[in-house]
Asks: 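Pasting a structure below so you can have a look.
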Amino acid sequence: MFSQLTQLPPDPILGLSVKFKADANPNKIDLGAGIYKDENGHTPVLSCVKAAEKFRLDNESSKAYLGSAGSALFNEKMTALILGDHKVIRDNRIRTISTPGGTGALRTAGEFIKTCTPGATIWVSNPTWANHQGVFKAAGLAIETYPYYDYENNCLDFSGMLEALKQVPKGDAVLIHACCHNPSGMDLSKEQWQQIVDVAKQVGFLPVIDMAYQGFGQDLDSDAYGLRLMADSVEQMIICSSCSKNFGLYRERIGACSIIGKDSISADIINSVLLSVVRVNYSMPPAHGAAIVETILSSAELTTQWHGELKEMRDRINGMRQLLVEQLVANGVTRDFSFITEQNGMFSFLGIDQAQVQRLQDEFSIYIVGSSRISLAGISPDNVNYLTQSIAKVL
Ligand code: LMR
């Protein structure tokens with residue numbers, strides 16, 4: 001059976017990390033995977049996480065199964081983190097489960113949608129995270145795309161997006177990035193969110209909001225503005241969130257899938273279906289990451305500490321946006337890259353072509369996703385000069 005298999009290419013994002021590790025060039029720079037790094041290129045364990053882990057070590061009394069929904073306390077804390085003090089919580093219309101990372105949340109959401117409507121279609125932005133299409137395809141959904149980014153002018157193609165969403169058939173799902181759009185860094189303004197919410201109501205599509213970077217854009221509440229607005233207005237919606245980036249818990253695999261129903265009775269039915277989807281897939285989520293997050297969010301002191309550490313990560317990345325643009329100019333690049341400073345989160349598109357991306361890798365050991373997406377978190381004051389000189393050479 002296995003002899004029929006053929007070798008597949010490496011994952012476009014994860015494959016870069018493998019290549020980067022194997023590269024012996026001391027000047028190498030990793031701008032591939034969306035993972036926070038400090039000025040020394042290190043991905044630290046947050047101090048609040050260390051403190052929570054110590055607390056768990058001292059206090060955890062059992063490793064018994066938690067069930068397919070995972071930890072009830074984590075689910076409650078995550079719902080509040082995502083939605084704030086929202087009416088859908090007070091009306092008991094939302095159910096949240098812990099999932100193995102944000103990807104696990106997306107896959108579970110995909111399986112859930114397929115269970116509701118076999119053969120359903122989900123619309124994703126063009127461009128979107130390189131794994132979105134694969135995850136939803138694997139869950140059995142058909143994929144369509146809507147315009148999002150204007151590559152010519154390095155800005156949002158909002159009119160294209162709006163017009164496409166008006167044509168989405170009722171009952172299809174539409175995936176929207178809550179904040180820090182991956183890969184473009186271009187987010188919707190408040191006014192634009194309102195227009196998308198209006199279209200969702202008119203058309204009757206199911207909004208599926210992916211929030212993998214809450215806290216990396218403006219702040220925790222502002223980054224959730226759009227999804228909260230959507231939740232104000234629609235009867236049904238899905239939110240997939242991740243604790244990988246904002247809690248730095250990448251390898252612990254912890255995220256959440258939250259589903260809003262039209263009332264509490266339908267939310268209970270949704271929950272029962274959601275749990276059955278999980279049971280036949282991975283049965284139950286891992287617990288350690290959830291335990292860390294719920295410990296932090298249950299402690300005022302650790303929450304304050306987390307807010308500070310999150311701000312530090314966000315500020316460092318934004319500082320690197322400025323520095324990158326300044327250094328490109330200083331190294332004689334005449335092309336206007338100032339749009340990078342207006343974008344949010346970990347990513348931007350450089351807007352260079354595939355051959356130039358490949359040259360950066362082959363000649364300068366600078367690793368960038370093929371679409372020319374850069375992870376700003378890989379830039380530091382120490383490497384920005386080498387980086388911008390190299391970009392100047394390939395331009
Ligand atoms: C990314 O987009 O780089 C991250 O979300 C990591 C991943 O899993 O692709």
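Order of appearance sets the numbers: ligands from 1, and atoms from 1 within every ligand. Bear in mind the structure is a predicted one, so any value in this text is a computation, not a measurement.
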Asks: So M284 and Y65, do their side chains get closer than 4.5 Å, heavy atoms only?
Replies: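 They are in side-chain contact.
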Asks: So, do Y213 and N344 sit near enough that their side-chain heavy atoms are less than 4.5 Å apart?
Replies: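 No, every pair of side-chain atoms sits at 4.5 Å or beyond.
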Asks: Answer yes when D85 and R90 have at least one side-chain N-carboxylate O distance shorter than 4.0 Å, and no when they do not.
Replies: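 Judged by the 4.0 Å cut-off on N to carboxylate O distance, D85 and R90 do form a salt bridge.
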Asks: Which pairs of nitrogen or oxygen atoms, taken one from ligand 1 and one from the protein, are under 3.5 angstrom apart?
Replies:
{"from": "ligand 1", "atom 1": "2 (O)", "to": "W129", "atom 2": "NE1", "distance (Å)": "3.0"}
{"from": "ligand 1", "atom 1": "2 (O)", "to": "N182", "atom 2": "ND2", "distance (Å)": "3.0"}
{"from": "ligand 1", "atom 1": "2 (O)", "to": "R373", "atom 2": "NH1", "distance (Å)": "2.9"}
{"from": "ligand 1", "atom 1": "3 (O)", "to": "G34", "atom 2": "N", "distance (Å)": "2.6"}
{"from": "ligand 1", "atom 1": "3 (O)", "to": "R373", "atom 2": "NH2", "distance (Å)": "2.8"}
{"from": "ligand 1", "atom 1": "5 (O)", "to": "K245", "atom 2": "NZ", "distance (Å)": "3.0"}
{"from": "ligand 1", "atom 1": "9 (O)", "to": "W129", "atom 2": "NE1", "distance (Å)": "3.0"}

Asks: Please check if the distance between the ring centroids of Y225 and W193 is under 6.0 Å.
Replies: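 They do not qualify: ring centres at least 6.0 Å apart.
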Asks: Just by distance, do the side chain of E309 and the backbone of C48 share a donor-acceptor pair under 3.5 Å?
Replies: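 At least one qualifying donor-acceptor pair exists.
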Asks: Counting C-beta onward and ignoring hydrogens, is there a side-chain heavy-atom pair between V208 and I176 closer than 4.5 Å?
Replies: no
